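Down below is the structure, laid out as structure tokens.
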Amino acid sequence: AAGDYTYTVATSGGCLQSTATVSVAISSTANAGTFTGAIILCSTTASTLDLFTLLDGTQDAGGEWQDAGAGVVSNPIDISAFAAGTYQYTYTVTGCTTSTTTVACTIVEPVIIASSDVQVTTPICYGADAKVTIANMPDGNYTISYSLTGSNTQATQSTPITVSGGTASLVVPASEIPNAGTTTIAIEEIAYQGAVACPSSFANLTVDVEVLGELDIEDSQLSMAQICEGSDGEVVLSGLTLADGDYRFTYTTNGNTYTVTTTITGGAGTLTIPAANVPGPGSYTLDINALTNVGTGCENLSASASVSY
């Protein structure tokens with residue numbers, strides 16, 4: 001144990017004893033503390049950093065801080081001119097032993113995006129998500145805030161995005177854009193996740209997405225005359241809300257399924273039913289159960305319209 005100790009040498013023959021006193025001090029093992037985890041700081045709002053705030057408080061005083069290049073630094077450090085990146089520092093305490101702990105901090109910069117960095121896939125099919133691609137961003141995890149106006153309106157929404165290889169995707173779900181027409185997507189804010197406030201540096205970032213109309217068809221829009229045995233049949237389409245273009249229809253009659261392509265103009269068109277697909281004499285029903293816009297690839301696989309012949 002620590003303390004003062006006296007050593008005595010006994011003598012004989014009347015000689016004086018000889019004594020010596022020594023003091024023993026015991027030093028504790030050196031402790032450089034424990035790193036509590038990296039922090040993220042914004043380059044435009046942070047100016048200095050006390051490195052001791054990255055330790056758990058158990059560290060011994062009187063140690064030395066060094067940067068990643070083994071250069072001695074004074075604490076707190078000036079980070080006002082630091083570029084974006086992660087910086088490491090090591091705290092060393094020397095006593096009976098030497099103890100070191102390395103800490104890290106990450107400097108981020110406000111997200112700066114130009115209008116040309118934001119692109120949207122358009123037009124899109126009815127019932128599809130809208131996908132916005134954002135380029136030239138630092139990799140990392142962010143929260144993006146956006147709103148919708150136009151054919152579809154939506155108050156500010158926030159959702160997480162991940163930037164990898166400088167590019168991220170914002171997906172606006174189909175449930176937020178149920179109406180056909182043009183919708184404007186406005187990007188209002190992009191913030192680092194887990195960072196202190198680091199406001200985005202951009203304004204008026206908007207893109208327009210066109211949602212194409214629903215491929216819908218009803219019984220009342222179909223009519224069919226009697227068919228002579230051995231002749232082609234015709235289903236007359238009228239009053240459709242389909243855009244002009246070529247469409248592929250899938251229909252079932254007499255238990256068999258067929259496809260036919262026709263041109264729709266002004267909401268009208270004709271489906272030709274080849275004689276080979278027409279059953280023998282009798283009364284039948286023709287059911288349209290799917291249709292596809294050949295030009296856009298949009299489809300309705302749950303269409304439901306019937307006509308009797």
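Residue numbers start at 1 and run along the sequence shown. Remember, predicted model here, so these are calculated numbers, not experimental data.
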For [X] and [Y], indicate whether the former's side chain and the latter's backbone hold a donor-acceptor pair under 3.5 Å.
{"X": "Asp67", "Y": "Gly71", "answer": "yes"}
{"X": "Asn141", "Y": "Tyr192", "answer": "no"}
{"X": "Gln59", "Y": "Gly57", "answer": "yes"}
{"X": "Gln119", "Y": "Ser116", "answer": "yes"}
{"X": "Thr6", "Y": "Thr21", "answer": "no"}
{"X": "Asp50", "Y": "Pro76", "answer": "no"}
{"X": "Asn152", "Y": "Thr183", "answer": "no"}
{"X": "Asp139", "Y": "Gly165", "answer": "yes"}
{"X": "Ser43", "Y": "Ile107", "answer": "no"}
{"X": "Tyr87", "Y": "Ile79", "answer": "no"}

Measure across [X] and [Y] and return the closest heavy-atom pair with its distance rounded to 0.1 Å.
{"X": "Gln221", "Y": "Gly239", "answer": "NE2-O, 2.8 Å"}
{"X": "Ala303", "Y": "Ala290", "answer": "CB-N, 3.9 Å"}
{"X": "Thr133", "Y": "Ser169", "answer": "OG1-OG, 4.3 Å"}
{"X": "Met137", "Y": "Val111", "answer": "CE-CG1, 4.1 Å"}
{"X": "Gly33", "Y": "Leu55", "answer": "C-CD2, 4.4 Å"}
{"X": "Tyr309", "Y": "Thr285", "answer": "CE2-C, 4.1 Å"}

Next item on the list: Please step through side-chain hydrogen bond (donor to acceptor under 3.5 Å, both in side chains) for the pair Glu188 and Thr156, ending with a clear verdict.
Entry: CA-CA 8 Å; Glu188 300 175 351; Thr156 301; 2.8 Å; yes
Looking only at side chains, do [X] and [Y] share a donor and an acceptor under 3.5 Å apart?
{"X": "Thr252", "Y": "Thr257", "answer": "yes"}
{"X": "Asn254", "Y": "Tyr284", "answer": "no"}
{"X": "Asp246", "Y": "Thr263", "answer": "yes"}
{"X": "Thr250", "Y": "Thr259", "answer": "no"}
{"X": "Asn256", "Y": "Asn277", "answer": "no"}
{"X": "Asp60", "Y": "Asn31", "answer": "no"}
{"X": "Thr184", "Y": "Asp208", "answer": "yes"}
{"X": "Tyr146", "Y": "Glu176", "answer": "yes"}
{"X": "Ser302", "Y": "Asn300", "answer": "yes"}
{"X": "Ser158", "Y": "Thr143", "answer": "no"}

In terms of hydrophobic clustering (I, L, V, M, F, W, Y; side-chain heavy atoms under 4.5 Å; direct or indirect links), are [X] and [Y] co-clustered?
{"X": "Leu291", "Y": "Val211", "answer": "no"}
{"X": "Ile124", "Y": "Val120", "answer": "yes"}
{"X": "Leu212", "Y": "Val172", "answer": "no"}
{"X": "Val73", "Y": "Phe35", "answer": "yes"}
{"X": "Ile177", "Y": "Tyr126", "answer": "no"}

Going from [atom1] on [X] to [atom2] on [Y], what distance comes out if it is rounded to the nearest 0.5 angstrom?
{"X": "Cys298", "Y": "Asn293", "atom1": "SG", "atom2": "CG", "value": "6.0 Å"}
{"X": "Leu240", "Y": "Thr265", "atom1": "CG", "atom2": "OG1", "value": "11.0 Å"}
{"X": "Cys105", "Y": "Ile40", "atom1": "SG", "atom2": "CD1", "value": "10.5 Å"}
{"X": "Ile190", "Y": "Ile144", "atom1": "CD1", "atom2": "CD1", "value": "4.0 Å"}
{"X": "Ile39", "Y": "Leu54", "atom1": "CD1", "atom2": "CG", "value": "5.0 Å"}
{"X": "Leu237", "Y": "Leu242", "atom1": "CG", "atom2": "CG", "value": "8.5 Å"}

Item checked: Of all pairs that satisfy side-chain hydrogen bond (donor to acceptor under 3.5 Å, both in side chains), the ones with a partner from residues 92-104, not counting sequence neighbours ->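 As it turns out, the side-chain hydrogen bond (donor to acceptor under 3.5 Å, both in side chains) pairs with a partner in residues 92-104, which skip direct neighbours, are Thr90-Thr102.
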Margin query: Exactly one of Leu271, Asn289, Thr292, Thr261 should register a side chain to side chain contact (heavy atoms under 4.5 Å, CB included) with Phe249. Which one does?
Written below: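 Exactly one pass, corresponding to Leu271.
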Notebook entry, point to check: Considering only heavy atoms from C-beta outward, does the side chain of Ile77 approach that of Tyr89 to under 4.5 Å?
Noted result: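 The answer is yes; the side chains approach within 4.5 Å.
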Next item on the list: Could you walk me through whether Ser306 and Ile288 pass the side chain to side chain contact (heavy atoms under 4.5 Å, CB included) test, one step at a time?
Entry: CA-CA 6 Å; Ser306 302; Ile288 295 177; over 6 Å; no
Next item on the list: Apply side chain to side chain contact (heavy atoms under 4.5 Å, CB included) to Val209 and Thr182, showing your working.
Entry: CA-CA 6 Å; Val209 59; Thr182 300; over 6 Å; no
Checklist line | Check against side chain to side chain contact (heavy atoms under 4.5 Å, CB included), Val260 and Tyr258 | finding: CA-CA 7 Å; Val260 59; Tyr258 309 96; over 6 Å; no
Item checked: Derivation and outcome, side chain to side chain contact (heavy atoms under 4.5 Å, CB included), residues Val307 and Asp219 -> CA-CA 6 Å; Val307 62; Asp219 294 354; over 6 Å; no
Next item on the list: Please confirm whether Phe52 and Tyr91 have ring centers closer than 6.0 angstrom.
Entry: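 Under 6.0 Å, so yes.
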